[in-house]
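First up is the structure itself, then whatever we jot down about it.
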Amino acid sequence: MAKKSFGQLNPAQKEAVTHGNGPLLVLAGAGSGKTRIITERIAYLVSSKNVAPRSILAVTFTNKAANEMKERIHGLIGQDARSLWIGTFHSVCLRILKREITNLEGFGRDFTIYDDGDQLRLIKQCMAELNISDRTYTPRSIRSKIDGAKNKGLGPEDFRGDIYEKTVSYIYDLYEKELRRANALDFSDLLHVTVRLFIEKPDVLKRYQGFFQHILVDEYQDTNPVQYKIVELLSKKHRNLFVVGDDNQSIYGWRGADITNILGFEKDYPDTSIIKLERNYRSTKTILEASNKLISNNRHRHEKELWTENSLGESISYYLARNEKDEAKYVCSQIRLEAVKEGYSYKDIAIFYRTNTQSRQIEEELLYSSIPYRIVGGIGFYQRAEVKDVLAYLRVIANSQDEMSLRRIINVPARGIGKGTLQILEDIAEKNGVALYDALDLAAEDKTLPKSSAVKLEKFYKLVTELISYSRENGIGELIDRVLQKTGYLDILEREPERRENVGELFNIAAEYENEGAEGDTPQPKESENTELNEFLDRISLASDLDTYNDKTDQVALMTLHSAKGLEFPVTFIIGLEENLLPHFNSVRGGEIEEERRLLYVGLTRAREKIYLTSSSRRLVFGKEESPTPSRFLSEIPEAFITANMYQGESRRTSGNRSEKSNLPLKTPVRQSGNGKSYKAGQQIEHKKFGLGTIRKVEGSGDKAKVTVHFARYGTKKIIASYLEGK
DNA sequence: GGGGCTAAGCTTTTT
DNA sequence: GCTTAGCCCC
């Protein structure tokens, strides 16, 4: 089966797929068939090299990518695909930790995973306990310090220096203690603790080293130091490390990703082979050329230039809007056009933006225009208060030590356990050296507590213990039902249909999970009591909104440029190309322009056929109106590839046909072949690339006039006058 | 202890 | 402009 598909691979691709043993770096440009290489390689290893699927580890960047890869490989090699290890770094580490974490002192198997919200709350709590004001040090900045440390494998003891460093150290230290006490791991811990495990327990590492004969890593340009370490450790024995990436698409520097991992791969693995995939199968020549030109402004990169045999395609549209509303309206009207006149489906179209907030205006306008859409990412389903509440109940049931969740639900719905009572409860816990949950049971005998409060606590304790025993005999769906009824949460939902719907959806997810689990390919140790519930909660913790994105329903996709990585669409819009937005203010200030440029590069290279770029001359920032200037990146794309427009609304008649081009941010073209000539409809002209054509329409005058030309070979195009030769 | 109101801070990007 | 946290009154 695999053999048949080899025929369709180009020589470089084939070389990568059939590479022998030893390290290999595949520098794969956008749209060069990166994912395909990995899937084909795995199929090749299994069917031609007789490598056991269970000894192949493939790491992807998102769960969605992992699932797609699994499916594709399943199509190539069948059932064998099930025993492959495919997942994100986080999910693979989770799987390893679930088996091995008890080898480490102070860690339990049924740990809870804290998401960044939980993390932030815990940091705040720690800061309060240490009497550190959250004004001088924001919990967010502390979190990024702690995360940064974990990503580099540093502990609290590694912060020594000035007062700030010492403060971070105290908080970090307490934070870690609290995590252990709650039997919880944060996101970074999943990786960090795995490395610790490997280093402290060499025998465990040895087992996994022997186990994974082949390791494949996708999106290698976005690995951080811990991930690098994991890969290094695991591949040490067999040394069959196959990494694929594109340094031009490294956009996660802020999350600790270290672009030198890919730039310095040859140094780390001196015997490595390198294969470059430079042929692009996705985009038109125009799109590819424009992207190449843009990214060539970056200095830190592997030299490579993408090319394609695809057609030239249409020029990139640029629209300068009057304000955000106008920008949104323009986007919607163009979508309409593409759908009605050009025959595109809504699912062929995507809108990308730098920050999540930008989706709001667009969303409003899409609703108004009745264009079906779907926001990918953003404020996710699992962040909603009611969903988090129900999940917090489940988490406490699965791991009663999980204090963060316990605090969340102890008075939701209101049951008379307020701040005062909680304080006393904390004291009881501390006095007796037990967890908050166990302190509930001691409350009845405590003298410091008012009788009425003691009764309430006791009642709550009974409620939870009852639910815990219920959970052992019943499925997750039934458990959710039970929780809702017994806790009185149902009454809250009665009054709020939207929330009820969300909780209903959570119920559906649970039911779906249970069905799928019945087929069973989860070889988990059965030592813990609530395996199924635990696995469900784990899955949810790592699930992101992107994973559920389904490209089959006919909806326009809205997402950030970061989320867009790895996807492709025939028609794309990138909005808000303004200074301080793209490139973002913080990056301009921090001098991280190259990453911003890569971000736009990622955006541009998602498109197969058409790109629309927009910026706005007015924008509300923090509720204040600003007048941003168009992004510097616009002028880095040669004008020849761009057709520019601007707002021509109500004022058009009064201001006459005033030349709008003078305001456009594009720099004047280098070539001046059309100098001084004038054009009119009907005239024959010649263009260097398109050949002979007839002018249909002229807008503006002089070199910068936009001329609509019908070319015999390429159809109708809008072109800047200076690129034409009169006939 | 609960609920409602006001003020401040916020927004980069995500596993 | 919107959301959250903290404060005050019932």
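Chain A is the first sequence line, chain B the second, and so forth, proteins listed ahead of strands; every chain is numbered from 1.
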Looking for any heavy atom pair under 4.0 Å, which part of the strands does [X] touch: base, sugar-phosphate only, or nothing?
X      : value
A:Y252 : sugar-phosphate
A:G623 : base
A:S91  : nothing
A:T88  : sugar-phosphate
A:F61  : sugar-phosphate
A:S188 : nothing
A:N411 : sugar-phosphate

According to a strict under-4.0 Å criterion, is [X] in side-chain N/O contact with OP1 or OP2 of [N]?
X      : N      : answer
A:N356 : B:dT11 : no
A:N151 : B:dT15 : no
A:S587 : B:dT13 : no
A:S563 : B:dT13 : no
A:R354 : B:dT11 : no

Grab the [atom1]-[atom2] distance between [X] and [N] for me, whole Å please.
X      : N      : atom1 : atom2 : result
A:Y353 : B:dT11 : OH    : C1'   : 14 Å
A:L581 : B:dT13 : CG    : C1'   : 12 Å
A:L620 : B:dT11 : CG    : P     : 18 Å
A:N586 : B:dT14 : CG    : P     : 15 Å
A:K124 : B:dG9  : NZ    : C1'   : 11 Å
A:R140 : B:dA8  : CZ    : C1'   : 14 Å
A:E596 : B:dT13 : CD    : C1'   : 8 Å
A:L120 : C:dT4  : CG    : C1'   : 12 Å

Short question: side chain of [X], backbone of [Y] - any donor-acceptor pair under 3.5 Å?
X      : Y      : answer
A:E68  : A:A65  : no
A:E579 : A:R632 : yes
A:S91  : A:T88  : yes
A:N297 : A:L294 : yes

Problem set entry | Comparing A:G420 and A:H90 on DNA chain B - which has the more 5′ nearest nucleotide |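 Its nearest nucleotide being more 5', the pick is A:G420.
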
* Asked: Between A:D147 and A:S453, which is nearer to the 5' end of DNA chain B once each is assigned its nearest nucleotide?
  ->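 Checking each residue's closest nucleotide, the 5'-ward one belongs to A:S453.
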
> For the residue pair A:H584 and A:W254, is the inter-centroid distance of their aromatic rings smaller than 6.0 Å?
Replying inline: no

Taking the six-membered ring for Trp and the full ring for Phe, Tyr or His, determine whether the centres of A:F573 and A:Y353 are under 6.0 Å apart.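 Not under 6.0 Å, so no.
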
Q: Establish, for the pair A:K98 and A:F111, whether the NZ or CZ atom is under 6.0 angstrom from the six-membered ring centre and no further than 45 degrees off its axis.
A: yes

Q) Is the ring of A:H584 stacked on the base of B:dT12, with centres less than 5.5 Å apart and planes under 30° off? A) yes

Give the nucleotide from the list [options] with an atom nearest to the side chain of [X].
X      : options                : answer
A:W254 : B:dT15, B:dT14, B:dT12 : B:dT14
A:F622 : B:dC10, B:dT15, B:dT13 : B:dC10
A:A414 : B:dC10, B:dT12, B:dG2  : B:dG2

For this session: For A:R360 and for A:K419, find the nucleotide of DNA chain C with the closest heavy atom, then tell me which residue's nucleotide is more 5'.
Result: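 Nearest-nucleotide comparison on DNA chain C picks A:R360.
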
Whole-Å C1' distance, B:dT12 and C:dA5: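 Nearest-Å result for B:dT12 against C:dA5 at atom C1': 23 Å.
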
